[in-house]
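Ligands are counted one by one from 1 in listed order, and the atoms in each one are counted from 1 as well. Nothing fancy with the numbering, it's 1 onward along the sequence. In this text the structure is predicted, and so the values were computed from the model without any measurement.
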Amino acid sequence: MRFSIKSSAAQALRSDCVILPVLTGRKLTASGRLIDDGLAGAVSAALGRGDLGTKAGATQLVYAASAKSARVLLVSLGSDTKTGQKAFIEAVRGALRHAGTMAKGDFCSLLHDVEVDSRDLGWRIATQVTIARELGYRFEQLRSKKDDPSPRLEQLAFQVEQAQAASARRTIARAAAIANGVDLAKDLGNLPGNLCTPTYLADTARKLAREFKLKVQVLERRQMEALKMGALLSVAKGSDEPPKLIVLRYEGAAASKAPVVLVGKGITFDTGGISLKPAAEMDEMKYDMCGAASVLGTLRAVAEMKLPMNVVGLVPTCENMPSGRATRPGDIVTSMSGQTIEVLNTDAEGRLILCDALTYAERFKPSAVIDIATLTGACVIALGHHNTGLFARQDKLASDLLEAGRAMSDPCWRMPMDDEYQEQLKSPFADVANIGGRAAGAVTAACFLSRFTKAYDWAHLDIAGTAWRSGANKGSSGRPVPLLSGFLLARAGADAS
Ligand code: BES
Ligand code: MN
Ligand code: ZN
């Protein structure tokens, strides 16, 4: 999909289809009125008929008898006097979805002329790029016969004033870089477990390293044994697929600058192990590597944006399978940190691979560590599919992540992590048990991880409810690549839009 800038005056704009916002009371923006004048009032006449719906995202196509702009696609911003973030997004989605069904051509948007509550021009342009890319995403690589190519938008221009053109171009490049990261995360998530193995994830990291000049290292089973990663290895034991620990480093600042470390759960298929999951919907456990996918996607985005900072991606990855060599419920394993863990349920495997990666993260002397994991069904019960669960010890880190989530429309919601919950993880035989009972399952999972993250500032994102959609539109969401990219952009001191 190609994005461009047009900085000719609105009256002189030439385009196969101009996309214009319509405010409450069927009013045009200032530039909309100029276009209307250039079309001899064709737009206001069409609006006067009252066909355009008032709900945000409702559209109406107007054919104008003009050589300059043959069509005008009107989109309603809803009936609030001040346009909010959500109404703007609905409008963009409605307009671009409609545009995608039309004949290919040169589309030019003026949607960003609308003032949006607390969001600047950069945000309004970036949001259109994001949504255009989201609507254009397909996962068709595994079909032998391509269906009729479903219609989609191929080209979108943004009309901006000359003075804003340079910064608008930077905004587009950043939003496209983030969309590329989202697409990578979606592709990895959607690939099935027989193809997207730990080895495949490692190869993907190596490819990224080549393309974006990142440093990559893949630790094999022997090296994990030497590091005494007994928790990670206990999960990998039941599978014939070799486990990997991927270390992917982006260096955009001096080596003395402490990095942000992102740690992603990479269970390429979660059967539950000996504590086997029920059959229904087990296919969705191919998505149990979406944390890992978001780390690779975010590193891709950061590298393409060339952010002036250091970021390390850590991906512990293996399969959770039952077999004669698999870990048994009740087995006690020793983590890299030295803490012993009673594995009461082999299906609580994510925390076992993460805890060793979190201990390994200490060697990077990080300024902050964020882990991302499809960790608990309990988080889905608590928050559903809209908000990612956020757990953090430090309030500043939590509020930065919350704000990035809001700005990027990839929201998270902070959950408690009081010490009292740690009681539930007591084991009569080991330092800690790997499950804490049914109550507050997402919280006790976070509490388990917190025991391995004492050496640095740390946050945990439970994406079990947000990483993919089920049902007819089953598919990976690419979340939380936008949240993480926005967080890192802000932290790098760059403007987040
Ligand atoms: N990958 C699952 C969590 C999950 C389940 C995410 C369903 C999304 C949808 C994780 O490994 C798991 O199985 N967790 C258990 C933990 C329990 C045994 C304490 C769960 O949530 O049931
Ligand atoms: Mn599990
Ligand atoms: Zn899992």
Do me a favour and list the nearest non-hydrogen protein atom to atom 18 (C) of ligand 1 with residue, atom name and distance?
-> Asn345 ND2, 3.5 Å
Step by step, work out the salt bridge (Lys or Arg N to Asp or Glu O under 4.0 Å) result for Glu403 and Arg406.
-> CA-CA 5 Å; Glu403 177 45 34; Arg406 276 192 290 268; 3.2 Å; yes
Determine whether any heavy atom of Trp468 lies closer than 4.0 Å to an atom of ligand 1.
-> yes
Decide yes or no for Phe391 and Leu461: does some side-chain heavy atom of the first lie under 4.5 Å from some side-chain heavy atom of the second?
-> no
Answer with yes or no whether the side chains of Ser470 and Glu281 bring together a donor and an acceptor at under 3.5 Å.
-> no
Determine, for Asp80 against Lys86, whether the closest basic-nitrogen to carboxylate-oxygen distance falls under 4.0 angstrom.
-> no
For the Mn ion (ligand 2), every protein N/O/S atom that sits closer than 2.8 Å, waters excluded | Asp270 OD2, Asp347 O, Asp347 OD1, Glu349 OE1
A student comparing Glu349, Lys277, Arg351 should find that the heavy atom closest to atom 16 (C) of ligand 1 comes from Arg351
So does Lys277 have more than 12 non-hydrogen atoms from other groups sitting under 6.0 Å from NZ?
-> yes
Please examine the side chains of Ser294 and Arg479, heavy atoms only from C-beta on, and report whether any two atoms are closer than 4.5 Å.
-> no
Cation-pi check, Lys186 onto Tyr137 ring (under 6.0 Å, within 45° of axis) = yes
for atom 6 (C) of ligand 1, nearest protein heavy atom and its distance come out as Ala464 CB, 3.6 Å
Output, in order, the C-alpha distance, side-chain angles, deciding distance and verdict of salt bridge (Lys or Arg N to Asp or Glu O under 4.0 Å) for Asp431 and Arg451.
-> CA-CA 10 Å; Asp431 296 341; Arg451 296 177 178 230; over 6 Å; no
Is Arg300 close to Asn180 at the side-chain level, that is, under 4.5 Å between some pair of heavy atoms?
-> yes
Determine, step by step, whether Glu349 and Ser234 satisfy the side-chain hydrogen bond (donor to acceptor under 3.5 Å, both in side chains) criterion, reporting the C-alpha distance in whole Å, the side-chain angles of both residues, the deciding distance to 0.1 Å, and the verdict.
-> CA-CA 9 Å; Glu349 84 297 339; Ser234 78; over 6 Å; no
Just wondering, are more than 12 heavy atoms of other shown residues or ligands nearer than 6.0 Å to CG in Asp419?
-> no
Should Arg222 and Glu225 be marked as a salt bridge (Lys or Arg N to Asp or Glu O under 4.0 Å) after you check the CA-CA gap, both sets of side-chain angles, and the distance that decides it?
-> CA-CA 5 Å; Arg222 289 173 282 106; Glu225 282 164 0; over 6 Å; no
Option of least heavy-atom distance to atom 13 (O) of ligand 1 (set: Thr346, Ile435, Asp347) | Asp347
Would you call Arg93-Glu90 a salt bridge at under 4.0 Å N-O?
-> yes
For atom 7 (C) of ligand 1, what is the nearest protein heavy atom, given as residue, atom name and distance?
-> Met285 CE, 3.6 Å
Lys265 heavy atoms, cut-off 4.0 Å: which ligand 1 atoms fall inside?
-> 1 (N), 10 (C), 11 (O)
Identify, for atom 10 (C) of ligand 1, the protein heavy atom at the shortest distance, and state residue, atom and that distance.
-> Leu375 O, 3.3 Å
Ligand 1 and Gly377, any nitrogen or oxygen pair closer than 3.5 angstrom?
-> yes
Measure from the Zn ion (ligand 3) to each N, O or S atom of Ala373 and report whether any distance is below 2.8 Å.
-> no
Opening angle between NZ in Lys265 and OD2 in Asp270, taken at the Zn ion (ligand 3), to 10 degrees | 180°
I would like to know whether Phe452 and Trp458 meet ring pair (Phe, Tyr, Trp, His ring centres under 6.0 Å); could you show each step before the answer?
-> CA-CA 10 Å; Phe452 301 85; Trp458 163 73; 9.9 Å; no
Determine which of the N, O or S atoms in Asp288 is closest to the Zn ion (ligand 3) and give its atom name.
-> OD2
Could you find the nearest protein heavy atom to atom 1 (N) of ligand 1 and give me its residue, atom name and distance?
-> Asp288 OD1, 2.8 Å
Among non-hydrogen protein atoms, atom 2 (C) of ligand 1 lies closest to Asp270 OD2, 3.6 Å
Judging by distance only, is a nitrogen or oxygen of Thr374 under 3.5 angstrom from one on ligand 1?
-> yes
Is the distance from the Zn ion (ligand 3) to some N, O or S atom of Glu349 under 2.8 Å?
-> yes
